Amino acid sequence: MQQKKNIPLLDCPVDYLIGDGSGKIMNEYGRFPCKIMCGVYAFMVRGTASATINITKYEFRENDVLLLEPGSFLLIHQFSEDALVYYILFSSSFLEKNTFNSRMSLSSLQLHSPVIHLSNDRAEIIKDFATLMFKATNTEPSMLNSEKMVHVFNLLQTAYSNYAQSQDEYIIKPIDRKMEIYQDYCQLVMKHYQEWHHVSQYAEAMRITLPHLCSTIRSASERTAGDIITEAILTDAKAQLKLTTTQIKEISSTLGFDNVAFFNRFFKAHMGLTPKAYRNAQV
């Protein structure tokens, strides 16, 4: 496949985009978190990589399939030099128009992990499918259009769901009650971090005592429950500061701070820079 140098990591500028990216190209997007507004299906053809999705770090290897739903935060740490990724992107507008036609939402497929590992046989099927899609979209005239891509979207969802149902194929899966609580907590944090800044609010929502929740999170992740909330807030703040021109006062408000002074102190305490200095820093 021909490499694309302009991979839109925020939203897809058209209804769908099919292409590939080398390790060198993907590493260009690893400077700060990006908030993904499109739906992403990606297949690791070769090489290795590491990235943080929302507030969890993942390691990727050959034959891994990744699903990112709109609103996910992505921070690329490192792709190996030999890495190659095939991807299909669906724009936010495409998903808004067509999700009602699909059999399930993207978010319902991410309940356990956005990443699954495929056997060699299944990986070959995905690789052949991606190659066929790439050829179809690059013919003159193209064999694909937005209407046909609705069926492709449904097919990808069905395939991903079927593969994910095999528990042995999960890279990260809830192996015990502690991990289930940890995953539920992380999902709740990503849903409410803009309004709930205290662990006690999550404990109440999960109907778990605060000491039990805190000890479980530390045991399952070697992080404190408070650290996870902080990481979610900082990830969003850094993405907005680097990728938008939104005023810092507005960013502070969207993240649930009573005033910008509180936000400035919070950000500097954890990042060593004020939000303004971070925005202006050359990264």
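Any value given below was found using the heavy atoms of this structure, including those in side chains, with hydrogens, waters and symmetry copies removed. What you see is a predicted model, and the numbers here were worked out from it, not measured in a lab.
Under the 3.5 Å distance criterion, with hydrogens and angles disregarded, no donor-acceptor pair is assigned to the side chains of D11 and S91. S119 and D121 share no side-chain donor-acceptor pair at under 3.5 Å. Donor-acceptor pairing under 3.5 Å is recorded for the side chains of Q240 and D236. Side-chain atoms of S219 and K178 include a donor-acceptor pair closer than 3.5 Å. When only modelled atom types and interatomic distance are considered, D20 and Y87 share no side-chain donor-acceptor pair under 3.5 Å.
In plain terms, the two heavy atoms of F43 and N63 that are nearest each other are CE1-CA, 3.7 Å. The shortest heavy-atom contact between F267 and L273 is CD2-O, 3.1 Å. Considering all non-hydrogen atoms of both residues, N27 and F79 come closest at OD1-N, 2.7 Å. Nearest heavy atoms, L243 versus C34: CD1-CA, 3.7 Å. F263 approaches P275 most closely through the heavy-atom pair CE2-CG, 3.6 Å. Taking every heavy atom of both residues into account, K249 and V260 meet most closely at CA-CG2, 4.0 Å.
For the atom pair NZ (K238) and CZ (R31), the distance works out to 14.0 Å, reported to the nearest 0.5 Å. Rounding to the nearest 0.5 Å places CZ of F129 at 4.5 Å from CG of L156. If you take CZ on R207 and CD on E204, they are separated by 10.0 Å, rounding to the nearest 0.5 Å. To the nearest 0.5 Å, atoms CG (L67) and CD1 (I53) are separated by 9.0 Å. Taking SG of C186 as the reference point, atom OH of Y193 lies at 13.5 Å (rounded to 0.5 Å). Between T52 atom OG1 and K57 atom NZ the span is 6.5 Å, to the nearest 0.5 Å.
For the salt bridge (Lys or Arg N to Asp or Glu O under 4.0 Å) test, residues two or more places apart in sequence or in another chain that qualify with D15 are K97. Scored by the salt bridge (Lys or Arg N to Asp or Glu O under 4.0 Å) test, E231 finds R223 as partners (sequence neighbours excluded). When the ring-ring contact (aromatic ring centres under 6.0 Å, His included) test is applied to F73, no partner is found at least two apart in sequence or on another chain.
Hydrophobic cluster membership differs between V14 and Y86, with clusters built from Ile, Leu, Val, Met, Phe, Trp and Tyr side chains linked at under 4.5 angstrom.
By the 30° and 60° cut-offs, the orientation of the rings of F153 relative to Y41 is perpendicular. In this structure, H197 and F257 have tilted ring planes: the angle between them lies in the 30° to 60° band. The aromatic rings of Y58 and F60 sit tilted, their planes meeting at an angle between 30° and 60°.
A donor-acceptor pair under 3.5 Å is absent between the side-chain atoms of S221 and the main chain of R218, judged by distance alone. Judged purely by atom type and a 3.5 angstrom limit, S215 uses its side chain to pair as donor or acceptor with the backbone of P211. A donor-acceptor pair under 3.5 Å links the side-chain atoms of S72 to the main chain of E69, judged by distance alone. Checking side-chain atoms of Y16 against main-chain N and O of L144 turns up a donor-acceptor pair under 3.5 Å. Without hydrogens or angle criteria, S142 side chain to T139 main chain gives no donor-acceptor distance under 3.5 Å. Side-chain atoms of R279 come within 3.5 Å of backbone atoms of T244 as a donor-acceptor pair (strictly under, hydrogens ignored).
Screening I233, T230, I55, N54 against V189 for a side chain to side chain contact (heavy atoms under 4.5 Å, CB included) leaves a single residue, I55.
Shown here is H198, whose NE2 atom has no more than 12 heavy atoms of other residues, nucleotides or ligands within 6.0 Å. Within a 6.0 Å radius of CD in E81, other residues, nucleotides and ligands contribute 12 heavy atoms or fewer. Heavy-atom neighbours of M143 CE from other residues, nucleotides or ligands within 6.0 Å: at or below the threshold of 12.
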CA sep, side-chain torsions, deciding dist, call: M44, L84, side chain to side chain contact (heavy atoms under 4.5 Å, CB included): CA-CA 6 Å; M44 197 82 178; L84 178 63; over 6 Å; no

Steps toward side chain to side chain contact (heavy atoms under 4.5 Å, CB included) verdict (I217, I228): CA-CA 9 Å; I217 297 304; I228 292 174; 3.6 Å; yes

